[in-house]
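In what follows, a single structure is set out as structure tokens and then discussed.
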Amino acid sequence: VLLHRMKAHKVDYWSRLGRLRRSQWVLAWEKVDRAVMSGRIVCDTYLAAKARADLVKSKSYSLTQLARSQLETPREDISFESIPGYFKSASSLAYLTEHCCFDTFLVIKLMSKLQVLPLTKQLTALAGNLWGRTMTGARAERNEYLLLHEFHKAKFIVPDKAIYTSQRGAGATQQDGDEDGGRKTEGRRKPAYAGGLVLEPKKGFYDKFVLMLDFNSLYPSIIQEYNICFTTVNRPVRSDDNPDDEPDVPDSALETGTLPKLLARLVDRRRQVKQLMKDPKATPTELAQYNIRQTALKLTANSMYGCLGFTNSRFYAKPLAMLITSKGREILQNTVGLAESKGLDVIYGDTDSIMIYTNTDSIDEVKTMGLDLKREVNKRYRLLEIEMDAFYQRMLLLKKKKYAAIVVTEVNGQLKTKMETKGLDLVRRDWCELSHSVSEFALNQILSGDGREEVLDRIHEYLAKVGRETRGGLVPIEKFIINKGMTKNAHEYADVKSQPHVQVAKRMIAKGISVRAGDTVPYVICTDHTAQGPSKTMAECAYHPDELRQPGSGLKIDFEWYLAQQVHPPVARLCAPIEGTDAGRLASCLGLDASRYHVASAVADMQQHTMLDAQISDEERFRNVDRLFVRCLRCNRSNPLIGVALSKVGYRGLRCPEENCGAVLPAPSIGFQLTAAIQQHIRRYQEGWLLCDDPACQTRTRMLSVRREKCMNAECLGGKSLAFSDKMLYNQLLYFDRVFNYDRALKHTTDESLRGMLSWATRCRSAAPCD
DNA sequence: CCCTGGAGCGC
DNA sequence: ATCTCTTCAGGCGCTCCAGGG
């Protein structure tokens with residue numbers, strides 16, 4: 001744009017945008033933008049922010065978003081279409097101009113905030129490539145240069161870079177794109193080899209400490225630990241020859257290879273820089289510089305592995321990448337084994353980390369446990385180090401790569417807590433803000449540490465409110481906007497029908513708004529009452545927020561769709577491990593048809609870690625169990641036995657609660673009656689009666705249906721489940737155990753005389769265990 | 001009901 | 001007659017959604 005305006009206005013020295021003096025405008029240049037800037041380093045803050053996605057967590061990378069999240073500065077979004085309108089009056093044009101000037105200020109500010117120049121300068125200095133190329137984010141190229149320099153220094157001759165040829169060889173069999181070359185921008189290809197190990201999580205809610213440990217930069221450390229290098233590992237000449245054979249670890253007698261040496265140097269320099277940062281005399285400026293250097297060293301070391309597996313890299317070496325990940329899996333597995341052999345409860349782990357449920361509320365105990373394990377693990381390796389990474393006071397573990405926790409940190413002896421969320425729908429940008437705020441509320445409640453009943457009450461109440469306010473039109477439009485990124489340009493998508501953001505993008509392009517691969521497209525789902533004919537797909541109901549706002553558009557947000565598809569599923573997933581609610585209950589709170597949410601909870605519940613149960617009160621848990629009735633031998637009356645803590649206990653044992661009896665209940669008699677009760681319940685479970693869960697139907701059967709979990713009654717929409725489920729049997733047996741559990745009763749009672757008797761009974765029992 | 005493509009996250 | 005050299009790229013593991021057959 002700039003160039004064309006300069007030409008139109010005959011601006012002298014236009015070529016000074018770059019550093020090459022040009023006198024002639026060359027119309028033949030299709031893509032002049034970069035060429036004209038030659039000799040200058042171009043910093044594109046949009047790219048820079050994306051490259052630093054580790055720091056910048058933003059829903060989209062628009063200037064407005066980044067200004068808000070990074071600079072805490074509001075920026076008015078002026079839509080592309082409204083711009084011509086600003087040219088109608090001098091004052092509005094002046095306003096637009098000011099807006100543009102302010103944008104340039106924001107861009108500079110952003111660049112400074114993200115420390116783009118210092119960081120890219122460090123990265124470039126390390127790798128020895130061109131600064132301008134670092135700016136455009138050519139990570140693989142940086143690695144290539146670094147290795148070229150390294151091998152050159154070590155007096156190696158490196159292989160030529162394979163020249164990129166249009167892969168006609170493979171195309172011969174395919175015979176597709178006969179038009180215009182058909183250059184398919186390939187998305188993600190299938191994995192070429194195995195990566196990191198992810199442990200099956202023991203799902204559930206943990207309300208005592210979870211200890212998190214992880215290996216310090218695992219892959220760089222493995223390369224050093226096992227001396228993995230192009231020069232040391234024996235691998236096939238062409239990696240295509242034996243694609244699946246994993247090479248052996250090199251002989252330990254071999255000299256350290258170039259790659260491990262390089263990594264050792266990077267790690268060592270980083271250690272030195274971190275040492276400098278501890279100097280109390282260091283000025284803030286120095287500290288900032290050190291920090292940048294430290295970051296650059298870490299990024300460089302960590303990116304080395306990725307480039308080994310990158311097909312188009314000059315130093316592509318699949319066997320090395322395979323060997324590294326394989327060792328990683330082995331190390332994690334061994335660490336889990338070691339922890340478990342020490343009696344620790346490993347609940348999860350991903351690639352380089354393990355999480356341990358400690359079953360204690362004392363942080364000091366956790367630390368001791370961690371130090372102990374750390375010492376044992378580190379004994380096994382030369383360089384590799386595991387480290388305590390975090391203490392989770394409470395944790396909700398839902399799935400692989402999906403969890404949330406309250407992290408405890410010690411700052412000057414003071415304990416501070418913070419919530420950390422990984423992978424949940426909550427952290428994903430493809431859910432609308434309404435969905436986010438509801439999930440956030442639910443998660444805050446669950447992790448609040450308050451009683452389960454209270455928490456569920458608040459969540460149910462909140463959902464009801466959200467349902468009412470949404471249907472009442474009280475929720476602003478902004479909260480319904482969903483953002484999705486475009487991985488390809490709009491016309492390159494094969495399947496347009498099912499992709500709402502592509503549909504919207506195409507209409508935006510038709511209006512002259514530029515949408516390219518990598519951009520984020522906002523949309524809302526609307527009801528379209530004008531077309532009653534064939535049912536529309538979800539994607540066809542997607543509209544740009546501006547289309548919705550357009551007066552007379554006739555569009556309305558599809559509230560029911562939002563409640564059912566955006567609000568309900570994420571909240572249901574969060575609450576899944578929490579006893580006392582389920583998808584159906586949550587749906588009815590939102591005002592949705594609850595009968596459509598049948599969860600196979602009986603199965604799911606049994607897979608849950610039993611820790612969950614720890615927070616349920618006994619009254620709640622045993623509300624539906626059958627009481628144990630014991631018949632007294634003297635008065636022949638049956639009375640419920642409510643447990644040692646509350647029964648009449650004498651020094652000779654439990655007594656009949658009948659008022660004018662009070663005879664001692666002999667232990668053998670209780671024993672027989674208990675055994676009978678247990679057998680009765682197990683039989684009841686084995687009979688396997690199925691019951692329809694629709695209260696209006698109540699069909700009871702033992703037949704198995706081809707309709708699977710559906711009710712046998714063909715007219716009924718309900719689901720059927722075991723009348724007496726696994727969970728119920730378990731609770732029943734747990735209740736029987738609890739009735740006779742002296743230790744527990746002793747712990748929970750405050751009645752002094754009862755305590756005395758119980759502890760006496762406990763002592764007797766340990767003295768004569770057969771009684 | 002199974003499979004696929006796509007998106008976006010975790011490491 | 002001459003200018004220019006354009007792009008263009010880290011890996012795998014794991015949900016979760018929507019649609020087709």
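Bear in mind that the values here come from a model prediction, so they are computed numbers and not experimental data. First the proteins, then the strands, lettered A, B, ... as listed; each starts at 1.
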**Asked** Which nucleotide sits closest to the side chain of A:Arg429: B:dG8, C:dG11, C:dA18?
**Response** B:dG8

**Message:** Could you check whether A:Tyr206 and A:Tyr392 have their ring centres less than 6.0 Å apart?
**Reply:** no

**Prompt:** Mind checking whether A:Phe315 and A:Phe310 have ring centres under 6.0 Å apart?
**Reply:** no

**Prompt:** Quick one: is the NZ or CZ of A:Lys484 closer than 6.0 Å to the six-membered ring centre of A:Tyr523, and within 45° of its axis?
**Reply:** no

Under 4.0 angstrom between [X] side-chain N/O and [N] OP1 or OP2:
X	N	result
A:Arg139	C:dG11	no
A:Lys422	B:dC11	yes
A:Lys402	C:dC16	yes
A:Arg329	B:dC11	no

Using a 4.0 Å heavy-atom cut-off across all strands, classify [X] as base, sugar-phosphate, or nothing.
X	value
A:Tyr219	nothing
A:Leu20	sugar-phosphate
A:Arg142	nothing

**Message:** Check this for me, if you would: do A:Glu144 and A:Arg142 make a salt bridge, where the nitrogen-to-carboxylate-oxygen distance has to be below 4.0 angstrom?
**Reply:** no

**Asked** If you measure from the Lys or Arg side-chain nitrogens to the Asp or Glu carboxylate oxygens, is any gap between A:Asp350 and A:Lys401 under 4.0 Å?
**Response** yes

**Item:** Residue whose closest nucleotide on DNA chain B lies nearer the 5' end, A:Lys190 versus A:Asp352
**Value:** A:Lys190

**Message:** I want to confirm an ordering. Mapping A:Tyr403 and A:Lys484 to their closest nucleotides on DNA chain B, which one lands closer to the 5' end?
**Reply:** A:Lys484

**Item:** Dot-bracket summary - DNA chain C, pairs being Watson-Crick or G-U whose distances fall under 3.5 Å, with | when paired to another strand
**Value:** ..........|||||||||||

**Item:** Side-chain donor-acceptor pair present, A:Thr311, A:Arg189, cut-off under 3.5 Å
**Value:** yes

**Prompt:** Counting distance only, does the side-chain N/O of A:Ser435 pair as donor-acceptor with the main-chain N or O of A:Gln566 below 3.5 Å?
**Reply:** yes

**Message:** Rounded to whole Å, how long is the line connecting atom OH of A:Tyr348 with atom P of C:dG13?
**Reply:** 13 Å

**Complete:** note: A:Asp425, atom CG; B:dG10, atom P; distance rounded to Å ~ 12 Å

**Prompt:** When you match A:Thr311 and A:Glu200 each to their closest nucleotide on DNA chain C, which lands nearer the 5' end?
**Reply:** A:Thr311

